[in-house]
Asks: 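This is the structure I want to talk about, given as structure tokens.
Only a predicted model underlies this, so the values are computations on that prediction, with no experimental measurement involved.
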Amino acid sequence: MDIETLVAERGELWLALAPLWLEREPGETDYARMIEVIERHDLSLDQLEWIFRLELAPVLSRHQVSVAGSEWRSFNEDRLLRQLVGHYRRLRGWRKGFWTLFSGLTTMMTRHRWNQLMTRLMAARGEQPPT
């Protein structure tokens with residue numbers, strides 16, 4: 001898949017979900033925006049989980065734990081998209097297995113936010129969130 005197609009398919013979704021890794025907790029408007037973008041992409045909860053674990057977390061968790069926190073607070077969307085595209089294009093074979101195996105570590109700092117988002121998404125879809 002060429003870069004333009006990949007960015008057209010995933011770019012908006014990646015950027016909408018990136019605030020899950022920011023230092024501050026997402027607010028109501030952040031979650032509402034994320035849900036709005038997710039719904040435009042018509043993805044299942046399972047598909048979203050794998051995007052979170054394999055496409056986003058390996059790149060964004062590095063920003064989250066880096067010393068350059070102030071730089072991350074005002075992330076550059078173009079630079080972030082380039083990093084995400086580069087990661088996605090290499091995400092096959094042993095790398096996919098590696099990130100699948102270690103996704104628990106790369107998602108642990110944002111898992112509570114992700115669970116909040118999924119609960120809100122299920123409610124927006126009229127589904128029963130887990131108790």
Side-chain angles (χ1 to χ4, degrees):
M1 173 181 321
D2 66 84
I3 292 172
E4 291 80 23
T5 304
L6 178 59
V7 171
E9 280 185 15
R10 288 282 206 258
E12 178 189 33
L13 181 64
W14 285 341
L15 292 175
L17 297 176
L20 292 170
W21 279 268
L22 291 175
E23 289 178 0
R24 65 170 177 76
E25 285 293 321
E28 292 299 321
T29 55
D30 296 315
Y31 282 119
R33 165 116 173 83
M34 290 177 210
I35 290 170
E36 177 185 317
V37 171
I38 288 169
E39 292 295 73
R40 277 200 298 269
H41 285 73
D42 193 33
L43 297 164
S44 71
L45 296 178
D46 286 339
Q47 289 171 310
L48 288 166
E49 177 69 25
W50 286 108
I51 290 168
F52 171 65
R53 290 172 64 182
L54 296 180
E55 296 176 20
L56 292 168
V59 174
L60 293 168
S61 63
R62 288 182 220 148
H63 287 280
Q64 193 174 32
V65 297
S66 77
V67 181
S70 60
E71 180 182 334
W72 174 232
R73 279 193 289 268
S74 59
F75 64 87
N76 178 302
E77 288 184 355
D78 292 331
R79 183 172 172 221
L80 182 57
L81 276 176
R82 282 194 304 275
Q83 291 171 337
L84 289 163
V85 165
H87 169 74
Y88 184 89
R89 296 187 82 188
R90 291 185 304 274
L91 191 58
R92 45 182 143 302
W94 70 268
R95 282 186 174 97
K96 189 170 187 174
F98 175 86
W99 289 117
T100 299
L101 181 63
F102 287 99
S103 64
L105 290 173
T106 59
T107 60
M108 76 178 168
M109 292 176 70
T110 55
R111 178 55 70 179
H112 67 287
R113 294 173 180 177
W114 180 257
N115 290 343
Q116 274 246 11
L117 175 61
M118 291 300 101
T119 299
R120 291 166 187 250
L121 178 62
M122 290 178 75
R125 290 179 173 179
E127 299 172 13
Q128 186 64 34
T131 55

Asks: Does the side-chain contact (heavy atoms from CB on, under 4.5 Å) test come out yes or no for Thr107 and Trp114, once each step is laid out?
Replies: CA-CA 9 Å; Thr107 60; Trp114 180 257; over 6 Å; no
Asks: Before you tell me yes or no, could you show the steps for Leu121 and Glu39 under side-chain contact (heavy atoms from CB on, under 4.5 Å), namely the whole-Å CA-CA distance, both residues' side-chain angles and the distance that decides it to 0.1 Å?
Replies: CA-CA 9 Å; Leu121 178 62; Glu39 292 295 73; 3.6 Å; yes
Asks: Give me the one residue out of Thr110, Leu117, Leu60, Val37 that meets side-chain contact (heavy atoms from CB on, under 4.5 Å) with Leu17.
Replies: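 Only match with Leu17 under side-chain contact (heavy atoms from CB on, under 4.5 Å): Leu117.
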Asks: Report yes if some heavy atom in the side chain of Arg113 is under 4.5 Å from a heavy atom in the side chain of Tyr31; otherwise report no.
Replies: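 Yes, side chains in contact.
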Asks: If you define the side chain from C-beta out and look only at heavy atoms, does anything of Trp14 sit under 4.5 Å from Glu77?
Replies: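 The answer is no; the side chains never approach within 4.5 Å.
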Asks: What's the shortest heavy-atom distance between His112 and Met109, and which atoms?
Replies: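 Taking His112 first and Met109 second, the nearest heavy atoms are CE1-O, 3.4 Å.
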Asks: Answer whether the closest heavy-atom distance between the side chains of Gln116 and Leu20 falls below 4.5 Å.
Replies: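 Side chain of Gln116 against side chain of Leu20, heavy atoms only: no contact under 4.5 Å found.
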Asks: Working note: His41 + Glu12, criterion side-chain contact (heavy atoms from CB on, under 4.5 Å); need CA distance, chi angles, decisive distance, verdict.
Replies: CA-CA 9 Å; His41 285 73; Glu12 178 189 33; 3.1 Å; yes
Asks: Of all heavy-atom pairs between Leu91 and Lys96, which one has the smallest distance, and what is that distance?
Replies: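 Smallest interatomic distance, heavy atoms only, reads CD1-CA, 3.8 Å.
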Asks: Tell me, do Met34 and Pro26 make a side-chain contact under 4.5 Å, heavy atoms counted?
Replies: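 SC-SC contact between Met34 and Pro26 confirmed.
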Asks: Using a 4.5 Å cut-off on heavy atoms from C-beta on, say whether the side chain of Leu13 contacts that of Leu43.
Replies: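 They are in contact (side-chain heavy atoms under 4.5 Å apart), so the answer is yes.
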Asks: Ignoring hydrogens, what is the shortest heavy-atom contact between Arg33 and Arg40? Give both atom names and the distance.
Replies: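 Nearest heavy atoms, Arg33 then Arg40: NH1-NH2, 3.9 Å.
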Asks: Taking all atoms of both residues into account, what is the closest heavy-atom pair of Glu127 and Leu45, and its distance?
Replies: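 Closest pair (atom of Glu127, atom of Leu45, distance): OE1-CD1, 3.9 Å.
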Asks: If you take all heavy atoms of Ser61 and Thr106, which pair is closest and at what distance?
Replies: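 Looking at all heavy atoms of both residues, the closest pair is CB-O, 3.5 Å.
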Asks: Quick check for you: to the nearest 0.5 Å, what is the distance between Phe52 atom CZ and Ser103 atom OG?
Replies: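 These two atoms lie 9.0 Å from each other.
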Asks: Could you go through Trp99 and Tyr88, starting from their C-alpha distance and side-chain angles, then the distance that decides it, and tell me whether this counts as ring pair (Phe, Tyr, Trp, His ring centres under 6.0 Å)?
Replies: CA-CA 11 Å; Trp99 289 117; Tyr88 184 89; over 10 Å; no
Asks: Under 4.5 Å between any side-chain heavy atoms of Arg10 and Leu84, yes or no?
Replies: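 Contact flag for Arg10/Leu84 side chains = no.
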Asks: Minimum heavy-atom separation for Arg53 and Pro58, please, with both atom names.
Replies: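 Scanning both residues, the minimum pair turns out to be O-CD, 3.4 Å.
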Asks: Is it true that Glu55 and Arg95 make a salt bridge, defined as a side-chain N closer than 4.0 Å to a carboxylate O?
Replies: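 No salt bridge links Glu55 with Arg95.
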Asks: In terms of ring plane angle, is the pair Trp94 and Phe98 parallel, tilted or perpendicular, where the classes change at 30° and 60°?
Replies: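 Taking Phe98 first and then Trp94, their aromatic rings stand perpendicular (interplane angle over 60°).
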Asks: State whether Arg24 and Asp30 are salt-bridged, where the test is any N-O pair (Lys NZ or Arg NE/NH1/NH2 against Asp/Glu carboxylate O) under 4.0 Å.
Replies: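 A salt bridge links Arg24 with Asp30.
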Asks: Quick one, Gln83 and Leu80 - any side-chain contact, counting heavy atoms below 4.5 Å?
Replies: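 Sidechains of Leu80 and Gln83: in contact.
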